[in-house]
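Notes for the one structure printed next.
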Amino acid sequence: MSPGPVQLSAKQRRSLEHDGYLLVPPLLDEAVMARMAGRLDELVRQTVAAWAADPAPDIVEPGVVHAKLGLADPDFAPCCDHPRLAQTATAVLGPDWHLGALSLRAPLPGCG
């Protein structure tokens with residue numbers, strides 16, 4: 001993930017420094033978001049079904065199973081390579097950060 005040519009404005013940098021977060025307009029178009037939402041729905045179903053077939057007694061968060069997403073998954077690539085996200089991470093963490101993983105939290109049926 002590279003910061004690329006997009007630069008954070010002075011106001012955005014102040015928000016990060018003062019508030020600890022940054023509100024941005026939508027970064028991805030609706031078609032990209034729809035693909036991601038569909039893929040997430042599919043992954044949640046698969047994750048919950050796998051847990052139901054073999055319930056794990058060592059759930060860290062009650063009622064929720066966790067799954068890692070592949071950084072190379074083309075449906076999630078927009079999350080991994082958007083220059084505004086990279087700029088924000090660099091502003092908060094400095095230049096020597098890297099993206100290690102994407103993950104999802106899947107509530108188990110009846111748990112929220």
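Hydrogens, waters and symmetry mates are skipped; everything else that's a heavy atom, side chains included, is used.
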Euclidean distance, [Y] [atom2] relative to [X] [atom1], rounded to 0.5 Å:
X     : Y     : atom1 : atom2 : value
Gln87 : Leu22 : CD    : CG    : 11.0 Å
Leu27 : Cys79 : CG    : SG    : 9.5 Å
Met36 : Leu43 : CE    : CG    : 11.0 Å

**Study point:** Summary of salt bridge (charged side-chain N to carboxylate O under 4.0 Å, His left out) pairs that have at least one residue in residues 15-34, sequence neighbours excluded
**Key:**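 The answer is none; no pair qualifies.
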Study note, to complete from the structure: Residue pairs meeting salt bridge (charged side-chain N to carboxylate O under 4.0 Å, His left out), one or both in residues 32-41, sequence neighbours left out, come to Arg39-Glu42, Arg39-Asp73, Arg39-Asp75
Point to revise | Donor-acceptor under 3.5 Å (Ser15 side chain, Lys11 main chain) | key: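 Not at all, since once roles are kept as given, no pair shorter than 3.5 Å links the two residues.
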Review point. What about Leu93 and Leu85, same hydrophobic cluster or not, with Ile/Leu/Val/Met/Phe/Trp/Tyr joined at side-chain heavy-atom distances under 4.5 Å?
Key: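 Linked within one cluster.
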Check your understanding: So do Leu8 and Leu16 actually touch side chain to side chain, heavy atoms under 4.5 Å?
Key -> yes
Review point. So which heavy atom on Leu28 is nearest to which on Pro78, and how close?
Key: CD2-CB, 3.6 Å
